[in-house]
Amino acid sequence: MAAQTVWGATYDLLRSLELTTVFGNPGSTEQPFLKNFPADFQYILGLQEASVVAMADGFAQATGRPALVNLHTSAGTGNGMGNIMTAFLNKTPLIITAGQQTREMILCDPLLTNRDETMLPRPYVKWAYQPARAQDVPGAIMRAYAMALQPPSGPVYLSIPLDDWDQPALGPAAVRTVSVRFAPDGERLREFAAQISASKRLALVYGQEIERSGGWDAGVALAEKLNAPVFHAPIAERPSFPETHRLFQGMLPIAIGPLAARLNGFDLAVVIGAPVFRYYPYIPGPVLPPGCQLLHITNDPGDAASALVGDSLLGDAKLALEGLLALVEEGSSRVAPKPLNIPRTLPSRPNTPLTAGEVYAALSELRPENAILVQESPSNVMDLSLWWPTVKPSSYYTFASGGLGWNAPAAVGIALAQKKLGAARPVVGVIGDGSMQYSVQCLASAAQHRLKVIYIVPCNREYAILKEFAVLEKTPNVPGLDLPALDIVSTAKGFGCAAVEARTREEIQAAFSQALNAEGPTVIAVPIKSQIRPLLGTASIV
Ligand SMILES: Cc1ncc(C[n+]2csc(CCOP(=O)(O)OP(=O)(O)O)c2C)c(N)n1
Ligand SMILES: [Mg+2]
């Protein structure tokens with residue numbers, strides 16, 4: 001029997017690790033890896049690497065497992081870089097491999113050489129490596145897997161020379177497992193619990209790590225036991241608390257001064273599973289109001305260290321919440337917050353064109369209970385959460401970075417995950433007309449795999465949020481904030497999607513229900529009224 005090659009040992013390892021879905025865009029430096037592609041593996045072709053990386057990210061998040069990516073040397077890495085940065089902030093475990101020129105020639109910089117190959121993806125990968133010898137490729141993949149998964153999870157990068165795959169392997173690769181959560185220090189958790197129990201005016205601030213760790217129910221139980229208000233952490237990319245709950249108080253403001261003002265009157269803020277804090281525009285002020293202390297629980301030592309104030313405790317969000325739930329005193333003496341007064345009203349005569357709020361109101365009437373929302377519609381995201389509140393975990397995704405071009409392809413990966421999981425959950429991607437253009441090639445992948453993803457594209461023909469930012473920052477006459485005429489329906493059809501323009505409530509509802517019954521993807525372009533509103537009211541990201 002011929003000795004096993006690096007190729008054979010690697011595919012066996014990938015099989016053992018259940019990494020059998022490969023997201024990629026191929027080139028000559030990757031073909032020796034992709035040759036004789038095994039029948040039990042699936043290759044998901046993305047037509048541009050920004051889409052490749054974000055599809056894998058969405059897939060990994062929705063399956064709760066790491067995902068494998070294969071990029072074309074330096075050029076493919078470069079195209080994917082914006083979304084690699086986003087995956088790093090999302091803390092998504094991605095094992096990104098990239099082909100490299102042959103070791104025989106690399107000294108003279110032939111075409112396709114990935115020069116200083118570990119430098120390009122930094123600092124947005126947890127580890128970047130090119131194996132010292134071909135025989136180390138499977139072991140390096142194993143190490144990359146361990147590195148990607150362990151908290152805080154994130155993308156890792158391996159550069160693999162194309163002549164490595166046919167080399168003899170050292171033998172089967174060692175298959176290892178690693179833990180994905182760690183418990184908080186018990187003594188410090190008790191101290192935190194005592195401080196929380198003693199607080200008279202307590203604010204809970206919940207972040208994305210809660211949802212990711214499966215801590216949703218524990219978070220609700222803790223808030224109810226404490227009878228304390230819950231805020232979303234600013235710009236949290238995954239909601240971790242039901243937005244219709246009586247204790248829910250909305251998202252904290254995204255700037256220093258207003259955030260402190262919102263916490264005015266509280267004696268303790270407990271931030272769980274988020275940085276302290278993710279700000280966007282600079283509006284100076286104190287970090288916390290006078291008399292307010294802060295406790296911070298996170299699984300990320302970097303986030304614990306970079307907090308401007310407060311005492312931190314490292315640990316998994318779910319384990320911390322469950323631990324606190326057992327330790328804290330019940331808080332019936334605390335005054336419960338007034339439930340949010342959410343103004344869900346519509347004008348008696350619809351606007352022409354409709355406002356974003358009117359569009360989302362029309363959609364919400366047909367909202368399937370199991371739908372998953374993916375959002376990249378910067379200027380009207382607050383209208384969306386008003387009409388389409390998140391009430392269950394794993395039902396809302398967006399990016400942690402604000403780097404446009406992530407959500408449209410991530411929706412494809414999330415829809416693919418539904419197929420793999422045997423779940424028939426429709427994915428609804430609400431993507432602004434500007435945002436839709438960055439990774440628009442993902443529509444071809446959605447069409448190719450006949451995925452149930454429905455894009456709603458609110459078309460205001462502008463970068464509205466940047467106009468709002470210009471008002472806040474007093475920067476008049478910025479060029480490039482109006483979009484040229486874009487025929488989104490034709491673009492979508494060109495990539496193989498069903499597509500339609502819908503202008504009225506009736507047209508929107510007809511198109512949406514047809515899309516919900518269709519097998520493949522649909523793009524619904526909806527002209528909307530231009531609305532330039534105060535940026536801090538919209539609480540979005542640029
Ligand atoms: C990769 C990238 N390029 C540019 C930006 C800056 N940017 C932030 S929001 C935005 C406009 C988004 O426009 P659109 O999707 O139409 O949403 P609207 O503001 O109109 O609601 C731009 C260009 C960005 N965040 N990311
Ligand atoms: Mg727009």
Side-chain angles (χ1 to χ4, degrees), residues 48-54 57 78-90 124 235 237 254 278-281 351 353-360 363 373-388 398-411 428-443 455-473 475 478-489 491-492 501 523-542:
Q48 209 271 12
E49 290 83 355
S51 290
V52 171
V53 172
D57 191 335
N79 283 348
M81 201 57 229
N83 281 336
I84 294 175
M85 179 276 290
T86 293
F88 184 79
L89 297 188
N90 288 346
Y124 294 110
I235 324 181
E237 72 276 12
I254 57 176
R278 187 179 280 157
Y279 299 122
Y280 166 39
N351 283 287
L354 298 174
T355 61
E358 289 172 289
V359 174
Y360 301 144
L363 291 169
L373 190 61
V374 184
Q375 179 277 127
E376 188 172 304
S377 191
S379 71
N380 42 55
V381 57
M382 293 310 270
D383 300 305
L384 182 60
S385 38
L386 195 77
W387 290 102
W388 193 296
T398 192
F399 48 7
S401 68
L404 299 181
W406 184 86
N407 287 275
V428 180
V430 178
I431 314 287
D433 53 353
S435 298
M436 194 64 198
Q437 311 308 323
Y438 291 79
S439 307
V440 70
Q441 303 88 343
C442 70
L443 293 178
Y455 290 102
I456 310 293
V457 184
C459 300
N460 52 12
R461 301 194 50 182
E462 63 188 349
Y463 291 153
I465 187 114
L466 297 186
K467 293 185 179 178
E468 293 174 359
F469 194 76
V471 173
L472 181 79
E473 298 286 312
T475 54
V478 173
L481 302 187
D482 289 305
L483 293 172
L486 296 166
D487 185 348
I488 286 171
V489 170
T491 303
E501 186 177 84
V523 175
I524 305 173
V526 189
I528 58 160
K529 198 179 163 93
S530 169
Q531 288 175 297
I532 307 304
R533 296 172 286 185
L535 181 76
L536 280 183
T538 71
S540 191
I541 350 160
V542 181

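Source: prediction; values computed, not measured. In listed order, ligands and their atoms are each counted from 1.
- No N or O atom of Leu483 sits closer than 3.5 Å to an N or O atom of ligand 1.
- The side chain to side chain contact (heavy atoms under 4.5 Å, CB included) with Leu363 is formed by just one residue from the set Ile524, Ile456, Val526; it is Ile456.
- Side-chain N or O atoms of Glu376 include one that pairs as donor or acceptor with a backbone N or O of Asn407 at under 3.5 Å.
- By the 4.0 Å heavy-atom criterion, Pro378 is counted among the residues contacting ligand 1.
- Expressed to the nearest 0.5 Å, how far CG of Leu535 lies from CD1 of Ile254 amounts to 5.5 Å.
- When the heavy atoms of Ile465, Leu404, Asn83 are ranked by distance to atom 7 (N) of ligand 1, first place goes to Leu404.
- Applying the side chain to side chain contact (heavy atoms under 4.5 Å, CB included) criterion to Ala54, with sequence neighbours excluded, gives Asn83, Trp406, Pro409.
- With hydrogens and angles ignored, the 3.5 Å screen pairs no side-chain donor or acceptor of Gln437 with any backbone N or O of Gly434.
- Rounded to the nearest 0.5 Å, atoms OG1 (Thr355) and NZ (Lys529) are 8.0 Å apart.
- Residue Ser435 places at least one N or O, backbone or side chain, under 3.5 Å from an N or O of ligand 1.
- Between Glu376 and ligand 1, a contact under 3.5 Å exists for no N or O pair.
- Between the side chain of Thr398 and the backbone N or O of Gln375, at least one donor-acceptor pair lies under 3.5 Å.
- In this structure Glu462 satisfies the side-chain hydrogen bond (donor to acceptor under 3.5 Å, both in side chains) test together with Lys467, Ser530, sequence neighbours excluded.
- With a 4.0 Å cut-off on non-hydrogen atoms, Leu466 touches ligand 1 through its side chain and not its backbone.
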For a ring-ring contact (aromatic ring centres under 6.0 Å, His included) check, start with the C-alpha distance between Tyr280 and Phe469, then their side-chain angles and the critical distance, and finish with the verdict.
CA-CA 11 Å; Tyr280 166 39; Phe469 194 76; 5.4 Å; yes
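- Considering backbone and side-chain atoms alike, Ser377 places every N or O at 3.5 Å or more from each N or O of ligand 1.
- Residue-ligand proximity: Gly82 is placed with every non-hydrogen atom at 4.0 Å or more from ligand 1.
- The distance cut-off of 2.8 Å around the Mg ion (ligand 2) captures these protein N, O or S atoms, sorted by chain and number: Asp433 OD1, Asn460 OD1, Glu462 O.
- The side chain to side chain contact (heavy atoms under 4.5 Å, CB included) search around Tyr279 returns Ile256, Leu259, Phe277, Val287, Leu308, not counting sequence neighbours.
- Within the listing of ligand 1, atoms 16 (O), 20 (O) sit less than 4.0 angstrom from a heavy atom of Glu462.
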